[in-house]
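All values below were derived from every heavy atom in this structure, side-chain atoms included, with hydrogens, water molecules and symmetry-related copies excluded. By convention here, the first residue in the shown sequence is residue 1.
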Amino acid sequence: MTGGEDGGAVDAVLFDVDGVLLDSLPAYRRIWEAWARLRGLDAEHVWHRTFGRRPEDTVREVAPALDPAAERRVLNGLMHREGDAFPAADGAAELLAALRPGSWALVTSGSRGPVHRRFALAGLPLPRVQVYGEDVREAKPHPGAYLLAARRLGVDPRRCLVVEDAPAGVAAGAAAGCTVIGLTLSHPPAALPGAARCAPSLRAAGAELLELLGLPGEGAGGGRGRGAGGGAVAGQPRSV
């Protein structure tokens, strides 16, 4: 895979958070299933509409008669009961420690407060540039969040590498003009058509990511990401 549109090295990495830097699968599944039961909704139907989206957007789709803001408060209460126990993804700490300051950003549909708490508990650093769901008018798959992050970093979006795990996020990164690595933790490669390359995990993508940035070392410690045929598939929720 080559970085940027011109085939040169990339200048910055824009990370999604849930399912990429944080292993949020078990907690988010419990949260959304509990909310679906409270509202008499099919939990599996709701679950599959949470990927890469703001909670309010999911509520609007699966329960249009409900007030998204009020339901967000219910979801926040369920999340509070989880205790913000969202461990770092395998290899995340090593990879972030290897990056140059100012060369990476967070771009998530989640909210600033919960992300800050979870990163502190997981022992992960926070970058200077962070873009949250509340910072943009239109959430992923709209490219606005990634364009905003690139602008705040002072980097051409075509020189940015996006790391995502959900179709909406991959579509947003590609629409912004970025090169996208899709992690196949929640969806098969066929569901991530905007990704230039797919890898089965963050650790597996780490060495190539650092190489594209022109940095030495193995990063997260894994090998090269696999192409369109690679990747294990499991269920993965999105931000609350």
S.K.: Should Arg72 and Val59 count as side-chain neighbours, where that means a heavy-atom distance under 4.5 Å?
M.R.: no

S.K.: Rounded to the nearest 0.5 Å, how far apart are CG of Leu202 and CG of Leu96?
M.R.: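 So the gap between those two atoms works out to 7.5 Å.
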
S.K.: Give a yes or no on whether Leu147 and Leu161 share a hydrophobic cluster (residues Ile, Leu, Val, Met, Phe, Trp, Tyr; joining criterion: side-chain heavy atoms under 4.5 Å apart).
M.R.: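 No, because Leu147 and Leu161 fall into different hydrophobic clusters, even though each may have its own neighbours under 4.5 Å.
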
S.K.: Looking only at heavy atoms, which two atoms of Ala149 and Ala105 are closest? And how far apart?
M.R.: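 Between these two residues, the closest heavy atoms are CB-CB, 4.4 Å.
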
S.K.: Give me the one residue out of Val170, Val163, Leu192, Asp16 that meets side-chain contact (heavy atoms from CB on, under 4.5 Å) with Leu183.
M.R.: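 The option that passes is Val163.
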
S.K.: By side chain to side chain contact (heavy atoms under 4.5 Å, CB included), which residues pair with Asp135, not counting sequence neighbours?
M.R.: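 Expected list: Arg112, Val131, Tyr132, Leu148, Arg152.
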
S.K.: Can you tell if the side chain of Val129 reaches within under 4.5 Å of the side chain of Leu14, non-hydrogen atoms only?
M.R.: no

S.K.: So which atom in Ala166 and which in His187 form the shortest heavy-atom distance, rounded to 0.1 Å?
M.R.: CA-ND1, 4.3 Å

S.K.: Do Leu66 and Arg39 have side chains that get closer than 4.5 Å, going by heavy atoms?
M.R.: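 Yes; the side chains approach each other to less than 4.5 Å.
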
S.K.: If I take atom CZ from residue Arg197 and atom CG from residue Leu209, how far apart are they, to the nearest 0.5 angstrom?
M.R.: 12.5 Å

S.K.: Once you round to the nearest 0.5 Å, how far does CG of Asp67 lie from CD of Glu56?
M.R.: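 Answer for the CG-CD pair, Asp67 versus Glu56, is 10.0 Å.
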
S.K.: Could you walk me through whether Leu21 and Thr108 pass the side-chain contact (heavy atoms from CB on, under 4.5 Å) check?
M.R.: CA-CA 11 Å; Leu21 296 177; Thr108 175; over 6 Å; no

S.K.: Nearest 0.5 Å please: distance from the CG atom of Leu212 over to the CD1 atom of Ile181.
M.R.: 6.5 Å

S.K.: Any chance you could lay out the side-chain contact (heavy atoms from CB on, under 4.5 Å) test for Trp35 and Val62, step after step, and finish with the verdict?
M.R.: CA-CA 12 Å; Trp35 180 80; Val62 302; 3.9 Å; yes

S.K.: Could you tell me whether a side-chain N or O of Ser186 sits under 3.5 Å from a main-chain N or O of Asp165, the two making a donor and an acceptor?
M.R.: yes

S.K.: Report the C-alpha distance between Leu210 and Leu95 in whole Å, list the side-chain angles of each, state the deciding distance to 0.1 Å, and finish with yes or no for side-chain contact (heavy atoms from CB on, under 4.5 Å).
M.R.: CA-CA 8 Å; Leu210 291 180; Leu95 178 58; 3.9 Å; yes

S.K.: By side chain to side chain contact (heavy atoms under 4.5 Å, CB included), which residues pair with Ala12, not counting sequence neighbours?
M.R.: Leu153, Val155, Cys160

S.K.: State, with a plain yes or no, whether a side-chain heavy atom of Ser111 is found less than 4.5 Å away from one of Met79.
M.R.: no

S.K.: Write down the atom of Phe86, the atom of Ala122, and the distance for their closest heavy-atom approach.
M.R.: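 Phe86 and Ala122 have their closest heavy atoms at O-CB, 4.0 Å.
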
S.K.: In the structure I gave you, are the side-chain heavy atoms of Val107 and Lys140 within less than 4.5 Å of one another anywhere?
M.R.: yes

S.K.: Looking only at non-hydrogen atoms, find the nearest pair between Ala98 and Leu215 and report the distance.
M.R.: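 Closest approach of Ala98 to Leu215: O-CD1, 3.5 Å.
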
S.K.: Report yes if some heavy atom in the side chain of Gln130 is under 4.5 Å from a heavy atom in the side chain of Phe119; otherwise report no.
M.R.: no

S.K.: Taking the side chain as C-beta and beyond, is there a heavy-atom pair between Trp47 and Asp42 under 4.5 Å?
M.R.: no

S.K.: Which residue pairs pass the side-chain hydrogen bond (donor to acceptor under 3.5 Å, both in side chains) test when at least one of the two sits in residues 57-66, sequence neighbours left out?
M.R.: Arg49-Glu61, Arg53-Glu61, Arg54-Asp57, Asp57-Arg60

S.K.: So, for Pro157 and Ala176, which heavy atoms are closest and what is the spacing to 0.1 Å?
M.R.: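 Here Pro157 and Ala176 meet closest at CB-O, 3.3 Å.
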
S.K.: Would you mind reporting whether Leu99 and Phe15 have side-chain heavy atoms less than 4.5 Å apart?
M.R.: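 Answer yes - side chains close enough.
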
S.K.: Determine, stepwise, if the pair Arg118 / Asp18 fulfils side-chain contact (heavy atoms from CB on, under 4.5 Å).
M.R.: CA-CA 10 Å; Arg118 293 167 193 170; Asp18 289 303; 4.3 Å; yes

S.K.: Looking only at non-hydrogen atoms, find the nearest pair between Gly19 and Leu185 and report the distance.
M.R.: O-CD1, 3.3 Å

